Amino acid sequence: MNPANRGIRNAFRNGIRTLSIITILSLSIGLSFTMLVANKAVSNKITDVKSSIGTDVTISPAGFNPGSQANNALTTDQLKKVQALPHVTSVTEELTDRLSTTGSSTPSFGFGRDNSSSATTSLTSPVTLNSSGKGQGGPRVFINGGGSLPTNFSLPVSFVGTNTPGTLNGATVKITSGQTIDGSTDSNNALISSSMASKNNLKVDSTFTAYNQTLTVAGIFKSSTQGDNDSVILSLPAEQRLSGQSGTVTNATANVDSLDNLTTATNAIKSALGSSADVVSSEEQADNTVKPLNSVKAVSLYSLVGAIIAGAVIILLTMVMVVRERKREIGVAKAIGGSNARIISEFMVEALTLTVVATIIGLLIGIIAGQPVTNTLVNNSTTSTATTQAGPGGRTVQFNGGNNNGGSAGPGGGGFGRELRNNGAVRGVKNVKAEIGWGILLDGFGAAVLIAVVGSALAASMIGKVRPAEILRSV
């Protein structure tokens, strides 16, 4: 009988032992394959995220908090230095302000600007707050420190002055009616969202008031986010004049000519602005986005290595036990002319047979458990990175009670839209799909063969040390 047939038959000589070994080994291989699937899925997601990064550099005042009024600001003169830097093709500048609706009560803990006539608008926000937590009525409200919203409270409206009205908070503005405005011209023309227009019964050429001035609707744009629905777009010079903030900018975005020059340009911008601004490139943002995935990748890799080692140890101990049991059989085989290579090959085939059977079961376990385990690892890792939690009615808006110092937190200005997109980025990172193709199946099978070879290595050395004469004398 050739070594292959003999090895296969030997693998099933003891049914109970074979079943026990295959069960334990299949669980180990199943865990190995599951971790391999998770590692591959997360690695692919990281590659996709990094390959989709743009060439933008975000510039904001040092320590800026979108929900606070107590902030420093950048200036147009500072940003002129940025525009003049090599590899910087354009700089988008924004000045964001929040105005209360005329007649709307302001919460005692402070929200938006004060309620003087110069800081109000006739517009009513189309965003409905959901303080009860029931239904799907919009962003949900929690108030830390007690307190409640006045019955006639309306969410403040964001007025965004920008030199590039074609974009808002990084998203392209799609005009559905009327026309866009010139971001460099000081005029009282404005762009409003279709939701804002519907809420306030406005159309192109209609007028409304803000900052005690009459503004004209030049165009109406379509928005897919509540933050942008709550925004009014003006030219940067107009917003600076109306709000009394001449030369002021609350945030900016520099575009670099290529990804190869992104790091160089980012460092140059940081050097030009110094400690007065926080500068983050899209590459750094991508790194921050995938940071939770890197931890999942590390965990899955360590688990994969651990499971492979466990499988190898299982086979190792099994084959050591088998060699000890069959020591006399090995000695007799050598005495009648059997070579070490032939006998070792029989035991390796036996180990490989047990491993292959366990691998088939383990691969089935991995195929079934791959996606759920990947989702669990990713969700647990990224949950801690989410800055807000979504309530039944939408995004959670948190108000800090008892704060009368202008440092209120809430969905005003650009913060609301940006935080919504940040949460969308977290949800996008969580959406990791485990794809199991022939390549990963072959990788899993290769790992199983490695387990069999490594696990039978020590047994092979033990077989080589068996002396036929000693065995025959002991018979």
Side-chain angles (χ1 to χ4, degrees), residues 92 94-104 111-113 115 117-130 136-139 152-183 185-239 241-243 393-395 397 410-421:
T92 298
E94 290 185 1
L95 172 61
T96 302
D97 196 9
R98 295 179 305 198
L99 300 189
S100 300
T101 300
T102 303
S104 172
F111 183 37
R113 298 185 65 180
N115 208 21
S117 60
S118 61
T120 61
T121 177
S122 61
L123 296 176
T124 300
S125 172
V127 179
T128 303
L129 296 177
N130 176 10
Q136 305 294 325
N152 64 336
F153 172 76
S154 177
L155 190 70
V157 177
S158 299
F159 279 70
V160 182
T162 175
N163 63 339
T164 56
T167 60
L168 177 61
N169 294 322
T172 301
V173 173
K174 183 178 181 180
I175 303 296
T176 58
S177 181
Q179 59 186 3
T180 190
I181 59 176
D182 186 345
T185 301
D186 186 354
S187 70
N188 282 6
N189 292 329
L191 302 177
I192 64 174
S193 69
S194 55
S195 297
M196 184 75 74
S198 176
K199 178 70 175 181
N200 294 274
N201 297 317
L202 298 175
K203 57 184 180 180
V204 175
D205 294 331
S206 296
T207 60
F208 61 93
T209 61
Y211 302 103
N212 282 336
Q213 296 282 320
T214 299
L215 279 67
T216 302
V217 178
I220 297 174
F221 64 89
K222 183 179 180 180
S223 171
S224 59
T225 69
Q226 295 192 71
D228 290 349
N229 281 338
D230 193 48
S231 299
V232 174
I233 303 176
L234 302 172
S235 68
L236 181 59
E239 178 60 28
R241 169 179 55 84
L242 291 170
S243 64
R395 173 186 176 272
V397 181
F416 191 21
R418 275 190 290 272
E419 286 183 25
L420 282 171
R421 277 192 300 280

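Numbers here are sequence positions counted from 1. Quick caveat: nothing in here was measured; it's all calculated off a predicted structure.
- With values rounded to the nearest 0.5 angstrom, N200 atom CG is found 5.0 Å from T124 atom OG1.
- Residues V217 and T207 fail the side-chain proximity criterion, which asks for heavy atoms closer than 4.5 Å.
- Here the side chains of L191 and M196 are not in contact, with every heavy-atom distance at 4.5 Å or above.
- Under the 4.5 Å side-chain criterion, counting only non-hydrogen atoms from C-beta, V160 is in contact with L168.
- Between D97 and S243 the shortest heavy-atom distance is OD2-CB, 3.9 Å.
- For T185 (side chain) and S187 (main-chain N/O), no donor-acceptor pair under 3.5 Å exists by modelled atom type.
- When side chains are defined from C-beta on, L215 counts as touching L234, because their heavy atoms get closer than 4.5 Å.
- T121 places no side-chain N or O within donor-acceptor distance of the main-chain N or O of A210, the cut-off being under 3.5 Å.
- Nearest heavy atom pair, residue V204 against residue A218, reads CG1-O, 3.8 Å.
- For T209, the side chain to side chain donor-acceptor pair (under 3.5 Å) partners two or more places apart in sequence, or in a different chain, are S122.
- With contacts defined as side-chain heavy-atom distances shorter than 4.5 Å, the pair T120/L99 does not qualify.
- Atom CG in N189 sits 13.0 Å away from atom CD1 in I233 (nearest 0.5 Å).
- Side chain of S177 to backbone of G219: no donor-acceptor contact under 3.5 angstrom is found.
- Across all non-hydrogen atoms, the minimal contact from T101 to S125 is OG1-N, 4.3 Å.
- In plain terms, the two heavy atoms of D230 and P156 that are nearest each other are OD2-O, 2.7 Å.
- The CG atom of D182 lies 11.5 Å from the CG atom of L236; values are rounded to the nearest 0.5 Å.
- Between the side chain of T162 and the backbone N or O of T164 there is at least one donor-acceptor pair closer than 3.5 Å.
- Smallest separation of non-hydrogen atoms from A190 and V232: CB-CG1, 3.9 Å.
- Of the inter-residue distances, the one linking S194 atom OG with K174 atom NZ reads 11.0 Å to the nearest 0.5 angstrom.
- With rounding to the nearest 0.5 Å, the separation of OG in S235 from CG in L95 is 10.5 Å.
- To the nearest 0.5 Å, atoms CD (Q213) and CG (N188) are separated by 5.5 Å.
- By the 30° and 60° cut-offs, the orientation of the rings of F208 relative to F159 is tilted.
- Of all heavy-atom pairs spanning P237 and G183, the tightest one is CD-O, 3.2 Å.
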